[in-house]
Enquirer: 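Dropping a structure here in structure tokens format, bear with me for questions.
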Amino acid sequence: KTSYEHLQDPELMLLLLVSNIEYLLTRNPDTNKFNVEDSISRQFKLKCAVAIHNQKKDLDLLVLNKDLNKIYSQRSDLAHGNYKEDFKIDEIIQSVYLLYTITNLIINEFVDDRAIIEYLKDN
């Protein structure tokens, strides 16, 4: 129900959709080796890109990387209460729509090739 009411609270939707993707693709990094926030951000971008590319080969990976970076930055700002002066709700809404597409592609990849999703999560 919440996912269909995204225009009422797009910030929450962005957080929930990113969390769903993190659940499917990322793992806890070793805190002794990595900056945790940076490592999860890198995992998110890389693993999303691999899963999405497997579903949509014609997608421009540079544009995708930019979009994923923006989305994860928005997620971090919202999750940590870092509202910036240039914060625009329209950009959050655009990201939510993009996240629906991204989530759909990742779920399709999960159905088509669960082994790659499990591999991405574990590594």
Side-chain angles (χ1 to χ4, degrees):
K1 180 181 176 201
T2 303
S3 66
Y4 289 106
E5 296 176 356
H6 62 274
L7 292 178
Q8 292 179 17
D9 196 349
E11 296 100 331
L12 174 62
M13 287 317 309
L14 187 132
L15 291 170
L16 290 173
L17 290 167
V18 171
S19 294
N20 289 340
I21 294 169
E22 286 178 320
Y23 176 78
L24 286 171
L25 297 179
T26 66
R27 61 177 169 72
N28 281 335
D30 183 350
T31 56
N32 294 321
K33 294 181 181 178
F34 305 106
N35 170 328
V36 173
E37 187 68 27
D38 182 49
S39 180
I40 294 174
S41 173
R42 286 178 189 216
Q43 283 186 62
F44 178 82
K45 290 185 290 185
L46 177 63
K47 294 175 180 186
C48 280
V50 170
I52 292 166
H53 181 70
N54 283 348
Q55 286 291 307
K56 196 166 181 167
K57 302 268 189 221
D58 62 338
L59 213 97
D60 184 331
L61 291 174
L62 294 176
V63 171
L64 178 61
N65 186 59
K66 181 181 170 193
D67 290 340
L68 292 172
N69 193 48
K70 180 178 181 178
I71 287 169
Y72 206 82
S73 178
Q74 290 169 328
R75 172 251 169 238
S76 294
D77 287 341
L78 291 169
H80 302 294
N82 300 327
Y83 290 95
K84 298 181 180 180
E85 292 176 14
D86 62 346
F87 180 79
K88 294 182 178 86
I89 196 68
D90 291 345
E91 291 180 6
I92 299 293
I93 292 169
Q94 287 175 346
S95 293
V96 167
Y97 285 127
L98 182 56
L99 278 164
Y100 280 120
T101 300
I102 289 169
T103 301
N104 185 44
L105 291 168
I106 291 170
I107 290 172
N108 286 343
E109 183 64 11
F110 184 83
V111 170
D112 291 347
D113 190 356
R114 186 173 183 162
I116 191 68
I117 297 297
E118 290 175 359
Y119 179 83
L120 289 171
K121 182 166 183 87
D122 292 340
N123 294 288

Enquirer: For the atom pair CG (Asn54) and CG (Asn108), what is the distance rounded to the nearest 0.5 Å?
Expert: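 Taking CG in Asn54 and CG in Asn108, the distance rounds to 12.0 Å.
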Enquirer: Measuring only between side-chain heavy atoms, which start at C-beta, is Leu25 closer than 4.5 Å to Ile106?
Expert: yes
Enquirer: What is the distance from atom CD of Gln94 to atom CG of Leu99, rounded to the nearest 0.5 Å?
Expert: 12.0 Å
Enquirer: Quick check: do Leu17 and Ile71 have side-chain heavy atoms less than 4.5 Å from each other?
Expert: no
Enquirer: Quick one: side chains of residues 61-70, donor-acceptor pairs under 3.5 Å with protein atoms, not counting sequence neighbours, listed by atom name and distance.
Expert:
from	atom 1	to	atom 2	distance (Å)
Asn69	OD1	Lys45	NZ	3.2

Enquirer: Kindly give the heavy-atom pair with the smallest separation between Thr26 and Lys121, and that separation in Å.
Expert: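 Heavy atoms of Thr26 and Lys121 come nearest at O-NZ, 2.9 Å.
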Enquirer: With a cut-off of under 6.0 Å to the ring centre and 45° to the axis, is Lys47 in cation-pi contact with Tyr119?
Expert: no
Enquirer: When rounded to the nearest 0.5 angstrom, what distance separates CG in Leu12 from CD1 in Ile92?
Expert: 12.0 Å
Enquirer: Please walk me through it: do Glu22 and Asn20 pass side chain to side chain contact (heavy atoms under 4.5 Å, CB included)?
Expert: CA-CA 5 Å; Glu22 286 178 320; Asn20 289 340; over 6 Å; no
Enquirer: Do Asn82 and Ser76 touch side chain to side chain, with heavy atoms closer than 4.5 Å?
Expert: no
Enquirer: Is there a donor in the side chain of Tyr72 and an acceptor in the side chain of Gln43, or the other way round, less than 3.5 Å apart?
Expert: no
Enquirer: Treating Ile, Leu, Val, Met, Phe, Trp and Tyr as nodes and any side-chain heavy-atom pair under 4.5 angstrom as an edge, say whether Ile89 and Leu98 lie in one connected cluster.
Expert: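 As far as the 4.5 Å side-chain criterion goes, Leu98 and Ile89 are connected within one cluster.
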Enquirer: How close do Ile117 and Leu24 get, heavy atom to heavy atom, and via which atoms?
Expert: CG2-O, 3.9 Å
Enquirer: Where do Gln74 and Ser95 come nearest, in terms of heavy atoms and distance?
Expert: OE1-OG, 2.6 Å
Enquirer: Contact between Met13 and Ile93 at the side-chain level, heavy atoms closer than 4.5 Å - yes or no?
Expert: no
Enquirer: To the nearest 0.5 Å, what is the distance between CD1 on Ile52 and OG1 on Thr101?
Expert: 9.5 Å
Enquirer: Show the nearest heavy-atom pair for residues Asp122 and Arg27, with the distance to one decimal.
Expert: O-NE, 3.4 Å
Enquirer: Side chains of Gln55 and Asn104: is there a donor and an acceptor less than 3.5 Å apart?
Expert: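 Side chains of Gln55 and Asn104: no pair found under 3.5 Å.
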